[in-house]
Amino acid sequence: MKILTIIGARPQFIKASAFSREANKHDNIEEVIIHTGQHFDANMSDIFFEEMGIPKPKYNLNIHSLSHGAMTGRMLEEIETILIKEKPDWVLVYGDTNSTLAGALAATKLHVKLAHVEAGLRSHNTKMPEEINRILTDRISDLLFCPTETAVKNLEHENLKQNKIIRTGDIMYDSALYFKQFAKKPKANFNNNFILATLHRAENTDDKTKLESIVSAINSISAETQIVIPLHPRTKEKMKHFNLSFDKTVQSISPVGYLEMLWLLENCSMVMTDSGGLQKEAYFFQKACICMREETEWTELVEHNINQLTGSNYNKIHDAYQKFANGNNSFPKNLYGTGDTSALILNEIQKI
Ligand code: UDP
């Protein structure tokens, strides 16, 4: 059986590495990887392939730095050509990027079976490009692999019962469990007690008032507890553009590889982020998370009081910091399955 996997962005590399490791155990499975090139910065792409042992992509499309429409359109055209040539039995797409949607469209139009990993997530904010990508990909997938019960309910609510909806748990948990043994301390200097922060979502970085408010909150919290922030290139560029800067107490470092990220997660006291993936990883490592967004797809974390939504609001960010720093945070078990998601996915694909 030939499975064609489409990836292009950092979280997809992390998810796909778990599946590739599983597929590798089966002689009857041939996996062909397309890397669309959506993330092209070496720190956000090459390093993941090296340290996570992801098989070398057979195709590198090198499509990046374009508007959403242009990027998705060019990917669609190139992926279609490859699908016609490769004739896979299945196309596997991950998450919610433009690469996900382009791969999904190309496959469906050619009547190639399509599986969506991380199906059913909804922020219910259609202004997010990721939300559009998710909804459309789910609508046309043959197999919908859901990380949570909420994701299953979302799909049922959208009347997608005719498609096959399967709760598999979260594939990122497979990766975190496997790679944490290789966690690596980043070279930067920092204290024993630090908060890990990331910030990259367009809704925060592209709006001066919001970015200014978040940067001020980070600066002021860092006077009390050091903050380490591996800075996304987009955020760096926007901060320069809006003339914003971090105080000296903030350790702003280049984006790190996954193994360094796991070390930071393991050793930090708390996480503050607007990333989807990092909210879950905070939970995997039993760290409370200040979520600098207005809504999250990972609602179970909010329900269990270990994730607090603050948006870009300075006071709300501070309040969440105080609450988690002083509180006794307790973490329920197995919200995202038991770390065998890739095996479950491969098993389901082989049934059809
Ligand atoms: N990540 C990383 N290095 C960094 C920042 C993030 O390895 O410098 C990892 C992080 O641990 C998580 C994934 O990248 O697994 C999340 O990616 P991102 O925040 O870009 O995307 P999202 O999850 O919001 O789609």
Side-chain angles (χ1 to χ4, degrees), residues 7-18 38-52 54 64 93-101 117-118 121-123 125 128-134 137 147 170-180 182-188 190 195-205 227-236 251-268 271-285 287 289-293 295-298 301 307 336 341:
I7 50 180
R10 185 163 66 183
Q12 289 166 339
F13 306 143
I14 296 166
K15 293 163 198 166
S17 78
Q38 193 172 336
H39 277 171
F40 61 98
D41 191 294
N43 274 333
M44 295 177 72
S45 177
D46 299 358
I47 188 167
F48 289 85
F49 281 82
E50 284 157 30
E51 60 181 26
M52 303 182 84
I54 305 168
H64 53 77
V93 294
Y94 295 88
D96 54 22
T97 67
N98 293 336
S99 308
T100 314
L101 179 61
V117 180
E118 227 181 42
L121 297 177
R122 297 292 180 264
S123 66
N125 173 3
M128 278 176 83
E130 293 89 347
E131 184 77 352
I132 308 292
N133 292 339
R134 291 177 194 128
T137 302
D170 195 300
I171 198 160
M172 284 190 107
Y173 191 34
D174 296 22
S175 286
L177 286 179
Y178 178 76
F179 282 108
K180 75 176 180 186
F182 307 113
K184 203 161 74 183
K185 186 174 192 271
K187 285 208 182 71
F190 36 83
I195 296 171
L196 169 63
T198 74
L199 182 70
H200 75 292
R201 220 155 270 292
E203 69 208 49
N204 284 328
T205 60
I227 295 186
V228 177
I229 179 160
L231 200 59
H232 195 286
R234 178 204 281 161
T235 315
K236 190 175 177 180
Q251 258 289 1
S252 167
I253 59 177
S254 299
V256 292
Y258 185 58
L259 301 183
E260 290 182 326
M261 200 62 183
L262 292 179
W263 188 93
L264 291 167
L265 280 158
E266 208 155 20
N267 289 282
C268 69
V271 170
M272 52 196 297
T273 192
D274 60 0
S275 155
L278 212 71
Q279 292 177 59
K280 279 177 293 170
E281 287 166 338
Y283 162 79
F284 298 157
F285 288 87
K287 305 294 157 76
C289 180
I290 302 171
C291 182
M292 298 179 289
R293 290 180 47 192
E295 70 285 302
T296 179
E297 306 77 46
W298 309 106
L301 297 174
N307 181 316
Y336 298 102
T341 295

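These numbers were taken from a predicted model, which means no experiment stands behind them. Just follow the structure's listing: the first ligand is 1, and inside any ligand the first atom is 1. No hydrogens, no waters, no symmetry mates; every other heavy atom, side chains included, goes into these values.
- When heavy-atom distances to ligand 1 are checked against a 4.0 Å cut-off, I14 comes that close only through its side chain, counted from C-beta outward.
- Residue E281 has at least one N or O atom closer than 3.5 Å to an N or O atom of ligand 1.
- Here is the list of ligand 1 atoms found below 4.0 Å of a heavy atom in P255: 8 (O).
- Of all the atoms in ligand 1, the ones that sit under 4.0 Å from a non-hydrogen atom of G276 are 22 (P), 23 (O), 24 (O).
- Residue R201 touches ligand 1 through its side chain alone, judged by heavy-atom distances below 4.0 Å.
- Contacts between P230 and ligand 1 below 4.0 angstrom, taking non-hydrogen atoms only, involve the side chain exclusively.
- Note: R234 CZ to K236 NZ = 15.5 Å, rounded to the nearest 0.5 Å.
- For ligand 1 and L278, the ligand atoms under 4.0 Å from any heavy atom of the residue are 10 (C), 11 (O).
- When non-hydrogen atoms are compared, ligand 1 lies under 4.0 Å from neither the backbone nor the side chain of M44.
- Atom 7 (O) of ligand 1 has its closest protein heavy atom at F48 CZ, 3.3 Å.
- Remark: of the listed residues Y173, Y336, W298, Y336 is the sole one forming a ring pair (Phe, Tyr, Trp, His ring centres under 6.0 Å) with Y283.
- For atom 23 (O) of ligand 1, the nearest non-hydrogen atom of the protein is G277 N, 2.7 Å.
- Some N or O of S275 is nearer than 3.5 Å to an N or O of ligand 1, by distance alone.
- With hydrogens and angles left out, the side-chain atoms of T205 and T235 include no donor and acceptor closer than 3.5 Å.
- Under a 3.5 Å cut-off, the side chain of Q12 and the backbone N or O of A9 do form a donor-acceptor pair.
- Polar contact check, L265 against ligand 1: no nitrogen or oxygen pair lies under 3.5 Å apart.
- Residue-to-ligand polar distances place V256 within reach of ligand 1: an N/O pair is separated by less than 3.5 Å.
- Closest to atom 6 (C) of ligand 1 among all protein heavy atoms lies R10 CZ, 3.4 Å.
- Under the side-chain contact (heavy atoms from CB on, under 4.5 Å) test applied with V271, the options E281, K287, Q279 reduce to a single match, K287.
- Side-chain contact between I47 and Y258: absent, with no pair of heavy atoms (C-beta onward) separated by less than 4.5 Å.
- Protein heavy atom nearest atom 21 (O) of ligand 1, with residue, atom name and distance: P11 CG, 3.5 Å.
- Residue contacts with ligand 1 for E130 are absent, since no atom lies close enough (heavy atoms, distance under 4.0 Å).
- Near G257, the atoms of ligand 1 lying under 4.0 angstrom from a non-hydrogen atom of the residue are 7 (O).
- Close approach to Y258 involves these atoms of ligand 1, each under 4.0 Å from a residue heavy atom: 7 (O).
- How far CD of E130 is from CG of N125: 9.5 Å, rounded to the nearest 0.5 Å.
- Between the side chain of E51 and the backbone N or O of L259, at least one donor-acceptor pair lies under 3.5 Å.
- Residues passing the ring pair (Phe, Tyr, Trp, His ring centres under 6.0 Å) test with F190 are F194, W263, sequence neighbours excluded.
- A salt bridge is defined here as a Lys NZ or Arg NE, NH1 or NH2 lying under 4.0 Å from an Asp or Glu carboxylate O, and E118 with K15 meets this definition.
- F48 approaches I54 most closely through the heavy-atom pair O-CD1, 3.8 Å.
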